[in-house]
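Encoded as structure tokens, the structure appears first; notes follow it.
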Amino acid sequence: MKLFVRENQNLAETEVEIRCKERTNEVENLICAINSATSVVIGEKENGDKARVYLTKILYFEAVDRNVYAYTDSDIYRVRKTMYDIEDMVANDHFVRISKSVIVNIRAVRRISPDSARRLKLLLSSDEWVIVSRNYVEDFKQSIGMKGNS
């Protein structure tokens, strides 16, 4: 694969063109990566300020007491969506549900360790650990390519 980046001050917005012989999995993954780089959610800080948060910066979403929070390396944002809405929204952006209350960005996972009761522990890029509950282990493994499709 060849990559070319050309700056053009006359462009109103950034353009990306992909030229390929055929639309392979590699090309599809590239398209998903480019799309997710510009995907955002609106998050609310504790003081009420609202901010656009890029999905690529979010390590995980967590539901706590009827609220959903997005965690980045340095901030926590309240997101006014349900976990089901978020799960649908990020389905193709390298996120996977790992428990009833957590959806994790698999690109933020640095290490996977076994845990008791057939669960897994994930070490994130923020040095935080999150748990994959046993009901979601198979889905998680499949999403990272540890298991083939049944």
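Worth knowing before you read on, the calculation uses all heavy atoms, side chains too, and leaves out hydrogens, waters and symmetry mates.
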Sub-4.5 Å side-chain heavy-atom contact between Ile112 and Leu122: yes

Pairwise distance CZ(Arg6) to CG(Leu11) - rounded to 0.5 angstrom: 12.0 Å

NZ or CZ of Arg97 within 45° of Phe61 ring axis and under 6.0 Å: no

Considering all heavy atoms, the nearest Val41-Leu55 contact: CG1-CD2, 3.6 Å

Nearest-0.5 Å distance, CE of residue Met1 to SG of residue Cys20: 10.0 Å

Same apolar cluster: Ile98 and Ile144, side chain cutoff 4.5 Å: yes

Shortest non-hydrogen contact between Pro114 and Lys121, atoms and distance: O-CE, 4.5 Å

Side chain to side chain contact (heavy atoms under 4.5 Å, CB included) partner of Val104, chosen from Ile58, Leu59, Leu124: Leu124

Side-chain heavy-atom pair Lys57, Asp73 within 4.5 angstrom cut-off: no

Atom pair CZ/NZ of Arg19 and Lys2 - distance to nearest 0.5 Å: 10.5 Å

Over 12 non-hydrogen atoms of neighbours within 6.0 angstrom of CG in Asp65: no

Contact summary for Ala51 and Tyr77, nearest pair of heavy atoms: CB-CE2, 4.0 Å

Smallest separation among heavy atoms of Ser133 and Ser99, with atom names: OG-CA, 3.7 Å

Distance in Å, Asp139 CG paired with Lys141 NZ, rounded so as to fall on 0.5 Å steps: 11.5 Å

Joint hydrophobic cluster, Val64 plus Val53, side-chain heavy atoms closer than 4.5 Å: no

Within one Ile-Leu-Val-Met-Phe-Trp-Tyr cluster: Val40 and Val90, side-chain cutoff 4.5 Å: no

Asp75 with Lys45: basic N within carboxylate O range, under 4.0 Å: yes

Spacing of Asp127 atom CG and Arg110 atom CZ [to the nearest 0.5 Å]: 4.5 Å

Residue pair Val137 / Arg118: nearest heavy atoms and the distance that separates them: CG2-O, 3.4 Å

For the student: nearest non-hydrogen atoms of Ile106 and Phe140, plus distance: CG2-CE1, 3.9 Å

ILVMFWY cluster, Ile86 and Val102 together (side-chain gap under 4.5 Å): no

Verdict with supporting geometry, Met83 and Val68, side-chain contact (heavy atoms from CB on, under 4.5 Å): CA-CA 7 Å; Met83 287 297 273; Val68 175; 3.8 Å; yes

Tyr60-Glu128 side chain donor-acceptor pair, cut-off 3.5 Å: yes

Evaluation steps, side-chain contact (heavy atoms from CB on, under 4.5 Å), between Tyr71 and Ser126: CA-CA 10 Å; Tyr71 295 80; Ser126 62; over 6 Å; no

ILVMFWY cluster, Tyr69 and Val96 together (side-chain gap under 4.5 Å): yes

Pairwise distance OG(Ser39) to CZ(Arg52) - rounded to 0.5 angstrom: 10.0 Å

Stepwise side-chain contact (heavy atoms from CB on, under 4.5 Å) check, Glu62 with Val130: CA-CA 10 Å; Glu62 182 178 32; Val130 292; over 6 Å; no

